[in-house]
Amino acid sequence: MLQLKVIREEKTRILQGLRKRNWEGAQLKIINEILALDDQRRLNQKELDDSLAEANRLSKQIGPLMGQGKSAEAEPLKQQVAQLKEQSKQLEERQRSIETEQQELLYAVPNCPHKSVPKGKTPDDNAVYRPWPSPMPVLHEGAVPHWDLGKKYNLFDFELGVKLTGAGFPVYRGQGAKLQRALIQFFLEENIKAGYEEIMPPLLVNEDSARGTGQLPDKEAQMYACERDNFYLIPTAEVPVTNLWRGDILAEKDLPIKATAYTACFRREAGAWGAHVRGLNRLHQFDKVEIVQVEHPDNSYKAHQQMIAHVARIMKKLELPYRILLLCGGDMGFASAKTYDFEVWSAAQERWLEVSSVSNFESFQTNRMQLRFKDSNGKIQLAHTLNGSSLALPRIVAALLENHQTPEGIRIPKALWKYTGFKMIS
RNA sequence: GGAUGGGUGGGUGAGUGGCUGAAACCACCGGUUUGCUAAACCGACGUACGGGGAAACUUGUACCGCGGGUUCGAAUCCCGCCCCAUCCGCCA
């Protein structure tokens, strides 16, 4: 969530940013409501503190009096304290209700887009930040989509997944299974080479963690929940990995923290099914390697660019056509200040598929999870967090199969050979 | 699932209901001393939200797992919850 201090001090900038997210009159009023509540909160706190201070002062006099046996003199003091206490209780209740209301409003406000984020309402308004520079690949006669290739070479099986679990839970097998493992290994190794520490986190997290990265309270419907134990299956490794530092106050020299993790990801995606979800395009369970950075606010945008360059390098090694989009205000995630999407070309479906979303959240997540650092002046400030996929497997597999298919079989890019152990799927 | 013991500052760990925001030690930071390093010594050393101040800083309140209660006054007493450790059972 946005920092109160920032809303107070940079209201104009925040309002401008929210307009970029297509917020209008009524919604924008929330900002004023938050600020009005803040004035109330501060006023009320002063009153409360004064009341408590007076009660403390009087209480301190009572002890000695009782010790000296002057209970008659203590009696009126006791009554005064009792009165103050009653008053404090009311003020405290009021304070609590103000804070709750303010908190709820703050939760409803998305991150303020960076000034470089373009205006726009839908995915069509996203800017192509880096187009694919070469001509699109031309497939041979009789080329087919990945779901047919999967069947033909026995790489994955959706019917079996339905038998075991339900739709959206594919079973990978044979070279298909090994390809998954090879990609995971490849991505992790690339990330480690780039200075990321490998993390293998739990796949179930508690409520605090889900709240820390912003999955709760709003996106409850997206996560699978184990109600009995109050755990959630992670929708992305971002959740457990970022929460590793929840509540910490880091030293400035600890920054940046760079972490990578492979995990299975679980998404309910309720109601999102329909067109364009065939095959591996959209699943309830999928594999993903994630990169996360905790950065100094001064460096987070530089880090953002480095992450993009890093993901681009991996895409290149996979020999797949891709482009990078700069998302418009209307298409950005709730918590993000700036997001680049990587899209891979699916040659048989003839459309772009999102395979990575690299975002700078600035202090939106860290404010919620109180992830801070002590700067060189000894001041404590919120760190910035960034994350991105490097990469999500299913659509990469789809593109890989489709783009690299030949009449003789599917060509495996050279970078993967040492992980797959085979150069062709046939 | 059963039994027992625990949750105090970055860590270890004291704490008879008022003098405890909290001893001591370690770590960290600043300094002194010393060819260098080490050691020794001295000092500072929590967080949040308010008030005052341009700032350094100062001041109020809250916080000893969380939430309630008793009391003029709670880290300390009472109740509920959560979490952790160990042992037993089950188990890859």
Side-chain angles (χ1 to χ4, degrees), chain A residues 1-9 34-106 200 202-212 216-217 225-232 240 243-255 257 264 294 363 366-383:
Chain A
M1 71 187 126
L2 288 175
Q3 287 173 259
L4 202 46
K5 195 182 71 179
V6 174
I7 296 180
R8 208 186 295 144
E9 289 167 6
I34 289 171
L35 290 175
L37 279 169
D38 201 40
D39 290 340
Q40 277 183 47
R41 181 184 62 85
R42 289 199 273 175
L43 219 68
N44 195 67
Q45 167 146 21
K46 180 89 179 83
E47 248 179 280
L48 171 61
D49 284 356
D50 288 348
S51 167
L52 287 169
E54 180 66 3
N56 284 343
R57 198 178 62 79
L58 295 178
S59 280
K60 273 185 191 132
Q61 294 172 10
I62 294 172
L65 286 176
M66 300 294 274
Q68 292 160 32
K70 301 179 183 166
S71 56
E73 288 178 40
E75 210 41 53
L77 290 176
K78 282 191 190 183
Q79 281 180 20
Q80 276 189 58
V81 172
Q83 235 173 27
L84 285 165
K85 205 185 152 190
E86 187 49 44
Q87 185 185 325
S88 305
K89 209 169 184 177
Q90 286 176 16
L91 289 167
E92 221 163 76
E93 239 164 72
R94 177 134 196 273
Q95 188 73 354
R96 221 187 325 246
S97 88
I98 293 172
E99 280 172 0
T100 307
E101 199 181 335
Q102 190 178 40
Q103 193 77 357
E104 272 167 24
L105 291 178
L106 276 171
M200 206 183 245
L203 305 182
L204 276 77
V205 294
N206 59 28
E207 261 180 88
D208 286 343
S209 298
R211 199 170 302 112
L216 292 180
C226 307
E227 281 175 32
R228 255 183 97 168
D229 300 291
N230 242 301
F231 293 150
Y232 295 88
N243 272 285
L244 290 173
W245 298 280
R246 163 159 47 87
D248 285 1
I249 298 176
L250 303 163
E252 192 170 33
K253 65 174 164 50
D254 293 336
L255 301 176
I257 290 173
V294 181
S363 61
T366 53
N367 186 33
R368 201 180 278 205
M369 69 168 80
Q370 289 298 295
L371 199 185
R372 295 164 294 172
F373 73 99
K374 201 171 261 184
D375 67 22
S376 44
N377 299 319
K379 290 263 188 236
I380 289 170
Q381 37 174 322
L382 293 171

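The chains referred to below are lettered A, B, ... by the order of the sequence lines, with proteins before strands, and numbering in each begins at 1.
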Can you check the A:D208 CG to B:C81 P distance for me, whole Å? 19 Å
So, A:N56 and A:S59: side-chain donor and acceptor under 3.5 Å apart, yes or no? no
Those residues that, when tested against A:Q79, pass side-chain hydrogen bond (donor to acceptor under 3.5 Å, both in side chains) (two or more places apart): none
Under 4.0 Å, heavy atoms only, any strand: does A:L58 hit a base, just the sugar-phosphate, or nothing? nothing
Would you mind writing out the side-chain donor-acceptor pairs for residues 81-93 of chain A within the sub-3.5 Å range, not counting sequence neighbours?
from: A:S88; atom 1: OG; to: A:S51; atom 2: OG; distance (Å): 2.7
from: A:S88; atom 1: OG; to: A:L84; atom 2: O; distance (Å): 2.7

Taken to the nearest whole Å, NZ/A:K89 to C1'/B:C72 is 15 Å
Let me confirm one number: the CG-CG distance from A:L2 to A:L106, rounded to the nearest 0.5 Å. 7.5 Å
A:F373 meets the ring pair (Phe, Tyr, Trp, His ring centres under 6.0 Å) criterion, sequence neighbours left out, with A:H296
OP1 or OP2 of B:G73 sitting under 4.0 Å from any side-chain N/O of A:K85? yes
Flag side-chain contact, heavy atom, 4.5 Å: A:L371 against A:V294: yes
What's the NZ-C1' distance between A:K253 and B:C29, to the nearest Å? 11 Å
For a quick check under 3.5 Å, do A:D375 and A:Q381 share a side-chain donor-acceptor pair by atom type? yes
Close N or O pairs between protein and nucleotides 56-62 of chain B (under 3.5 Å):
from: B:A56; atom 1: OP1; to: A:K379; atom 2: NZ; distance (Å): 3.4
from: B:G60; atom 1: N2; to: A:D49; atom 2: OD2; distance (Å): 2.8
from: B:U61; atom 1: OP1; to: A:N56; atom 2: ND2; distance (Å): 3.4
from: B:U61; atom 1: O2'; to: A:D49; atom 2: OD1; distance (Å): 3.2

Let's test this: given Watson-Crick or G-U wobble pairing with both distances under 3.5 Å, identify the partner of B:G10. B:C26
Nucleotide forming a Watson-Crick or wobble pair with B:A40, both distances under 3.5 Å: B:U32
Between B:G10 atom P and A:I249 atom CD1, what is the distance in whole Å? 8 Å
How far, in whole Å, is B:U70 from B:U8 if one measures between their C1' atoms? 22 Å
Could you tell me how far apart A:Q61 (CD) and B:C19 (P) are, to the nearest whole angstrom? 15 Å
Looking at the side chain of A:R42, which of B:C72, B:G51, B:A48 is the nearest nucleotide? B:G51
Name the pairing partner of B:G1, where a pair is Watson-Crick or G-U wobble with both distances under 3.5 Å, or state none. B:C88
When the P atoms of B:C26 and B:G43 are compared, how many Å lie between them, rounded to an integer? 14 Å
Report yes if at least one side-chain N or O of A:R372 is closer than 4.0 Å to OP1 or OP2 of B:A48; otherwise report no. yes
Considering only distance and modelled atom types, tabulate donor-acceptor pairs under 3.5 Å from the side chains of residues 98-105 of chain A, sequence neighbours left out.
from: A:T100; atom 1: OG1; to: A:R96; atom 2: O; distance (Å): 2.7
from: A:Q102; atom 1: NE2; to: A:I34; atom 2: O; distance (Å): 3.4
from: A:Q102; atom 1: NE2; to: A:D38; atom 2: OD1; distance (Å): 3.3

Pairwise C1' distance for B:A54 and B:C82, with rounding to whole Å: 46 Å
Base-pairing mate for B:C63 - Watson-Crick or G-U, with both contacts under 3.5 Å: B:G46
Measure across A:F231 and A:N206 and return the closest heavy-atom pair with its distance rounded to 0.1 Å. CD2-CA, 4.2 Å
Can you identify which nucleotide, out of B:G18, B:G69, B:C49, has its nearest atom closest to the A:R41 side chain? B:C49
I'd like the C1' distance from B:A23 over to B:A14, given in whole Å. 6 Å
Using the P atom on both, measure B:U86 against B:C78 and round to a whole Å. 27 Å
Ion pair A:K5/A:E9, N-O distance below 4.0 Å: no
Residues of residues 95-106 of chain A with a heavy atom under 4.0 Å from any atom of RNA chain B, listed by number, are A:R96
Separation of A:N230 atom CG from B:C83 atom C1', in whole Å? 13 Å
For atom P, what is the distance between B:U37 and B:G30, given to the nearest Å? 14 Å
What pair of heavy atoms forms the shortest contact from A:G212 to A:M369, and how long is it? O-CE, 3.4 Å
For the pair made of CD in A:E92 and C1' in B:C63, what is the distance, rounded to whole Å? 12 Å
Tell me what A:K5 touches on the nucleic acid: a base, only sugar-phosphate, or nothing, going by heavy atoms under 4.0 Å. nothing
For B:G13 versus B:G18, give the span between their P atoms, rounded off to a whole number of Å. 25 Å
Could you give the distance separating B:C77 and B:G17 at their C1' atoms, to the nearest angstrom? 8 Å
Protein-nucleotide distance (A:D38, atom CG; B:A48, atom P), rounded to Å: 16 Å
